[in-house]
Amino acid sequence: MSAANRDLSLDFHTLRNGYADGSLTPVQVITLIYDRIADRGDDAVWTCLVPREEALARAREIEQLPRGSSPLWGIPFSVKDCNDVIGLPTTNGLKESLYIAESTGQAISRLFDAGGILIGKTNMDQFGIGLVGMRSPYGACSSVFNDDYISGGSSSGSGVSVGAGLASFSIANDAAGSGRVPAAFNNIVGIKPTPGLVSNTCVSGGGCVKTIETVSVFALTVEDGMDVLQLIAGYDPSHPFSRPEADEVPLALKAAPATFTFGVPAGDDLRFFGDKDAERLFEQAVERLEAAGGRRVAVDFAPFEEVQKLLYEGPWIAERALTLDSVLEKYRDAIHPVTRTILEKSHDFSAKDTFGAIHRLAELKAQTRPLLNSLDVLLVPTVPTIYRKDEIAADPIVLNARLGIYTNFVNLMGLCAVAVPNGFRDDGLPLGVTFLAPSFHDAKAAAIAAAFHRTRELTLGATGAAYPNYPQ
């Protein structure tokens, strides 16, 4: 590969153009990626790396097919460790429970069929419990912009792999914000689909929070993320929480409407915990949307706040017990102490508590439905701030909870979300915003989010690459 290509962006547009004109080959791209991985050293991103020669063999296999003959021809990707890939280990962030997957699910199978090249399995907060990326025996990932700061979790390695230019996209998972928080802290995009739009059969055991969690996608642009979502979405009769409507949902990315209405949390509901840079960046985002034709609507955020507290302060933590009680009993001493503390709360709730929470959630969804239906999107900060690793270590539960105030309610309410970069604090650390919409309005949220991201004129992840010049 020429010196000019050493800083190559892995966004789909750049790779596809290079493949089409012959200036790039999949073998060259995979070689570059493994060189980058070697240069980064022990960055705690990977739980299992596909051996270089195996990835190159896959690249050579792809090169034997006509260029561009499949949607992901020669596109490199990574997969969060809680997802099964045939022949590779799955640990869910607990080394002692390692097994070699003998099958995978619909979503990941479609990526291989589409010509994607897997680089490896990525680090995560143990069992997907955490928004910080520090609860793993494989070490703690860092934001690609500062080693002292968290990467976000639980899909920590997935977010860093994309932000650092080690993969074009990553398959992650999201129950409480795991497919969005790392997007904010690594200056990338997080596509969090409507629950049930993508089958969770690729997830180990079908997931731990089966009623609400979803496979998600990290990418460098919304365009790339939606390309992947269109491939992996669809009804899967083998998965009990798959939605039959999934086959009919339009997911093609269209232009954003010339005028639209967006909601914003009102008054004191908008909290940044003293982070003035985060507050400034969010207000600038609102102003940019207004300049782009958006009409701002102040939203009472109290119902959403109440819903978000149900996820970890209410009986939904008990849903994890169905999957993890036996794991907790067998591997108690090996489980991260913070994770163990959270899991042990699962028996604090009765069946009466659970039904009470289900009823209250239904009431809050009914209360907010007219509002959400009156808006094109609801805009929130992806996170209120970012924390140093030592801050999280000193106060792991309270600070983690703060990071979820704009994310925890989303899956419980059946919403879709698209998280995009929104610029940098004065200290060079990134933050983002998230566009939310009702179930199966994924394409609408993505259209507005993509238009916003393009106008920000930010580089992609930490790669320094400019936003692609997509044809209009």
For [X] and [Y], which heavy atoms make the closest approach, and how far apart are they?
X      : Y      : answer
Arg360 : Glu306 : NE-OE2, 2.7 Å
Val144 : Asn186 : N-OD1, 3.0 Å
Phe145 : Asn187 : CE1-CB, 3.6 Å
Ala114 : Ser70  : O-OG, 3.0 Å
Ala445 : Val377 : CA-CG1, 3.9 Å
Ser346 : Ala321 : OG-CB, 3.5 Å

Exercise. Among side-chain atoms of Asn92 and Asp81, is any donor-acceptor pair under 3.5 angstrom?
Worked result: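 No, no side-chain donor-acceptor contact under 3.5 Å.
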Exercise. Does one side chain, of Asn123 or Ser136, offer a donor that lies under 3.5 Å from an acceptor on the other?
Worked result: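 Their side chains do contain a donor-acceptor pair, which is all the 3.5 Å distance test asks for.
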Exercise. Taking the six-membered ring for Trp, are Tyr406 and Phe301 parallel (under 30°), tilted (30 to 60°) or perpendicular (over 60°)?
Worked result: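 Tilted, since the angle between the ring planes falls between 30° and 60°.
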Exercise. For the atom pair CD (Glu63) and CD1 (Ile30), what is the distance rounded to the nearest 0.5 Å?
Worked result: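 The CD1 atom of Ile30 is 9.5 Å from CD of Glu63, to the nearest 0.5 Å.
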For this session: Would you please indicate if the ring centroids of Phe452 and Phe435 are separated by under 6.0 Å?
Result: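 Yes, they do, as the ring centres are separated by less than 6.0 Å.
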For this session: Please confirm whether Phe77 and Phe218 have ring centers closer than 6.0 angstrom.
Result: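 Not under 6.0 Å, so no.
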For this session: May I ask you to test the Val189-Leu220 pair for a side-chain heavy-atom distance under 4.5 Å?
Result: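 A side-chain contact under 4.5 Å is absent here.
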For this session: Report yes if some heavy atom in the side chain of Val181 is under 4.5 Å from a heavy atom in the side chain of Thr407; otherwise report no.
Result: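 When only atoms from C-beta onward are counted, Thr407 and Val181 do touch, with a gap below 4.5 Å.
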Exercise. OH of Tyr99: more than 12 outside heavy atoms within 6.0 angstrom?
Worked result: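 Counting neighbours around OH of Tyr99, more than 12 heavy atoms of other residues, nucleotides or ligands fall under 6.0 Å, so yes.
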For this session: Evaluate the criterion side-chain contact (heavy atoms from CB on, under 4.5 Å) for residue pair Arg296 and Phe262; output intermediate values, then yes/no.
Result: CA-CA 5 Å; Arg296 174 181 183 169; Phe262 66 99; 3.7 Å; yes
Problem set entry | Contacts of Asp236 that satisfy salt bridge (charged side-chain N to carboxylate O under 4.0 Å, His left out) - sequence neighbours left out |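 If we apply the salt bridge (charged side-chain N to carboxylate O under 4.0 Å, His left out) test to Asp236, skipping adjacent residues, there are no hits.
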Exercise. Salt bridge or not for Arg16 and Asp227, using N-O below 4.0 Å?
Worked result: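 Answer for the salt bridge query: yes.
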